[in-house]
Amino acid sequence: MGTGSRETQSLTHIPSGAKNQGAIRVLAMLDAYTVGGVAKAVLEFARQASRPDLGSPRVEVTILTYIRGGVETDFVRAARLEGIPLEVLNERRRFDWGLIPQIRAVVDSLGCDVLWTSGMKSHFLVRAAGLNRKVRWVAFHHGYTTTDWVTRLYNQLDRWSLRAPDRVMAVCQAFDADLRRRSGVRPGQLRVQHMPIHRAAAVPEQETAALRHALGLSRETRVLLAVGRLSKEKGHADLIRAVALMRETKPPTELRLLIVGDGPERKRLEALSSSLNLKNMVAFLGYQSDVRAYYALAEVFVLPSHSEGSPNVLLEAMARGLPVVATAVGGVPEIATDERDALLVKRRDVPALAQAVLRILDDEEFRERLGIAARDVVDRHSPENYFRSIRSVFQEIIKR
């Protein structure tokens, strides 16, 4: 294994003697390059922790993350802009044993009360370093993929790691049940915690119009939107086939599917779209750091996943009052209710996916009703509720 190097980036450093008396000191460890769902949740918690109006005890958050080759990531830049104390460790490969003594040094220097880990790398490093024997530990579990044998091996390693934390926070009931059944995690360790989301501010009309023009869309174009990593479990191939079926079943005046995101399946998906003669109906837009205008442009948001946890993109779409068609997998039915604030279909059911989208496009009153109800769902997942819920877990394990 290689040896990492530590680079401390504490923009709002509080000297140890000046720390708030009685505050809970948290080190949040995660491996993040972009500001995706997990990273957004950690940044949101740190943002809420800085508010003086959310009661006591106060929580002081430092983020620890990893980079390679000294290249600063979008996540590191976002944390810096927020003014969150930051510890950056330089690694040479995915699991770098040289990180362990550095993590121990960070924990000792900060005098941490709680370790918060997200992702199998951070889970493994804490247990391999034996830090669970000296600091309270809360691990957040966001589910597994099984793309190849290496990933399956990492999943088994993660199940071993997750036997050691004081609490394991699964992002949905489905993941909670899976851990109870397969990992050896004790039932008393487990909690379910969905992801947080803000009510969304309106996007200026000129910004939406500029994007529409840049994409070559007319005012009459009916826009479908999918946002997420392009990997097999996300089900984008089903959505592309559903668009082809919609064209054959009931040709819309103008229909365009915008796929925002990148990943290992992109070339295959582009080839599928081409083979179905959908080049003029499906646009692959790659990773976008800001997707607000895309949500504003769309009439329907589609989440065709084969497996999910607590999908942040689903919450983002609902926060914007965007009618949703989603597969009833993982934590999706825990967030959205079929026929009330979304339409839910079985996974891999291409005809049902196409029919649900067409139903929303054809019925303006139904489309508006879904959008209004979707915004109401978001209040249950507010950042304030998220912060208070996790803080109560920290208090519980510290007292124990």
Side-chain angles (χ1 to χ4, degrees), residues 34 36-37 142-152 155 174 215 221-252 254-288 291 294-295 297-309 311-314 316-317 322-333 336 338 342-361:
T34 62
H142 297 270
Y144 296 125
T145 58
T146 55
T147 53
D148 52 39
W149 70 269
V150 175
T151 304
R152 288 192 289 271
N155 294 347
L215 295 173
T221 304
R222 316 296 297 275
V223 178
L224 313 180
L225 176 67
V227 180
R229 177 175 165 77
L230 304 187
S231 52
K232 285 185 179 179
E233 76 277 4
K234 295 300 183 181
H236 291 98
D238 295 342
L239 179 54
I240 291 169
R241 293 187 179 99
V243 170
L245 190 58
M246 282 185 269
R247 180 187 59 189
E248 297 170 7
T249 305
K250 186 179 180 181
E254 287 186 57
L255 181 67
R256 184 73 62 90
L257 168 61
L258 306 181
I259 298 179
V260 174
D262 215 335
E265 287 296 297
R266 178 164 180 169
K267 287 185 178 179
R268 290 188 183 91
L269 293 171
E270 289 176 335
L272 174 63
S273 176
S274 179
S275 70
L276 295 172
N277 297 316
L278 295 176
K279 281 190 173 182
N280 294 328
M281 296 183 71
V282 179
F284 294 87
L285 303 177
Y287 169 74
Q288 302 292 327
V291 295
Y294 293 92
Y295 285 116
L297 190 65
E299 281 191 76
V300 183
F301 179 81
V302 190
L303 186 71
S305 301
H306 299 162
S307 65
E308 274 294 351
N312 197 67
V313 291
L314 173 61
E316 287 179 346
L322 189 55
V324 167
V325 174
T327 45
V329 297
V332 171
D338 187 34
L343 288 182
L344 304 184
V345 302
K346 292 181 179 179
R347 64 179 176 179
R348 302 181 188 271
D349 192 335
V350 172
L353 198 64
Q355 184 179 11
V357 172
L358 286 175
R359 180 182 169 190
I360 291 176
L361 290 175

_Test item: Leu255 and Arg247 side chains (from C-beta on) under 4.5 Å apart, heavy atoms_ = no

*Looking only at heavy atoms, which two atoms of Pro311 and Val332 are closest? And how far apart?*
CG-CG2, 3.9 Å

*asked:* If I compare all heavy atoms of Leu344 with all of Pro333, which pair ends up nearest, and what's the gap?
replied: CD1-CA, 4.2 Å

*asked:* Nearest 0.5 angstrom please: Glu254 CD to Met281 CE, how far?
replied: 10.0 Å

*Criterion side-chain contact (heavy atoms from CB on, under 4.5 Å) on Thr34 and Tyr287, from CA distance to verdict*: CA-CA 10 Å; Thr34 62; Tyr287 169 74; 3.7 Å; yes

Could you list the donor-acceptor pairs under 3.5 angstrom formed by side chains in residues 263-270, with sequence neighbours left out?
from, atom 1, to, atom 2, distance (Å)
Glu265, OE2, Arg268, NH1, 2.9
Arg266, NE, Glu270, OE2, 3.0
Arg266, NH2, Phe284, O, 3.4

*Identify, with sequence neighbours excluded, every residue that meets salt bridge (Lys or Arg N to Asp or Glu O under 4.0 Å) alongside Arg229.*
none

*asked:* Just so I know, are the side chains of Leu215 and Leu285 near enough to count as touching, which here means a heavy-atom distance under 4.5 Å?
replied: yes

*With side chains defined as the heavy atoms from C-beta onward, is the minimum distance between Leu225 and Val291 less than 4.5 Å?*
no

*Would a 4.5 Å heavy-atom cut-off, applied to side chains only, mark Arg241 and Leu353 as touching?*
no

_Can you tell me how far apart NZ (Lys234) and CG (Leu239) are? Round to the nearest 0.5 Å._
13.5 Å

_Asn280, CG: over 12 other non-hydrogen atoms inside 6.0 angstrom_ = no

*asked:* Please find the pair of heavy atoms, one from Val324 and one from Leu314, that lie closest to each other, and give the distance.
replied: CG1-CD1, 3.6 Å

*How long is the gap from CG on Leu272 to CG on Leu278, to the nearest 0.5 Å?*
7.5 Å

Using atom types as modelled, flag every donor-acceptor pair under 3.5 Å from a side chain in residues 297-305 to any protein atom, sequence neighbours excluded.
from, atom 1, to, atom 2, distance (Å)
Glu299, OE1, Arg222, NE, 3.3
Glu299, OE1, Arg222, NH2, 3.0
Glu299, OE2, Arg222, NE, 2.6
Ser305, OG, Glu308, OE2, 2.8

_Within the structure provided, determine whether Leu361 and Leu224 are in side-chain contact (heavy-atom separation under 4.5 Å)._
yes

*Kindly say whether Ala271 contributes a backbone atom to a donor-acceptor pair with the side chain of Ser274 at under 3.5 angstrom?*
no

*Pick one: which of Arg348, Glu233, His306, Arg347 meets side-chain contact (heavy atoms from CB on, under 4.5 Å) with Val329?*
Arg347

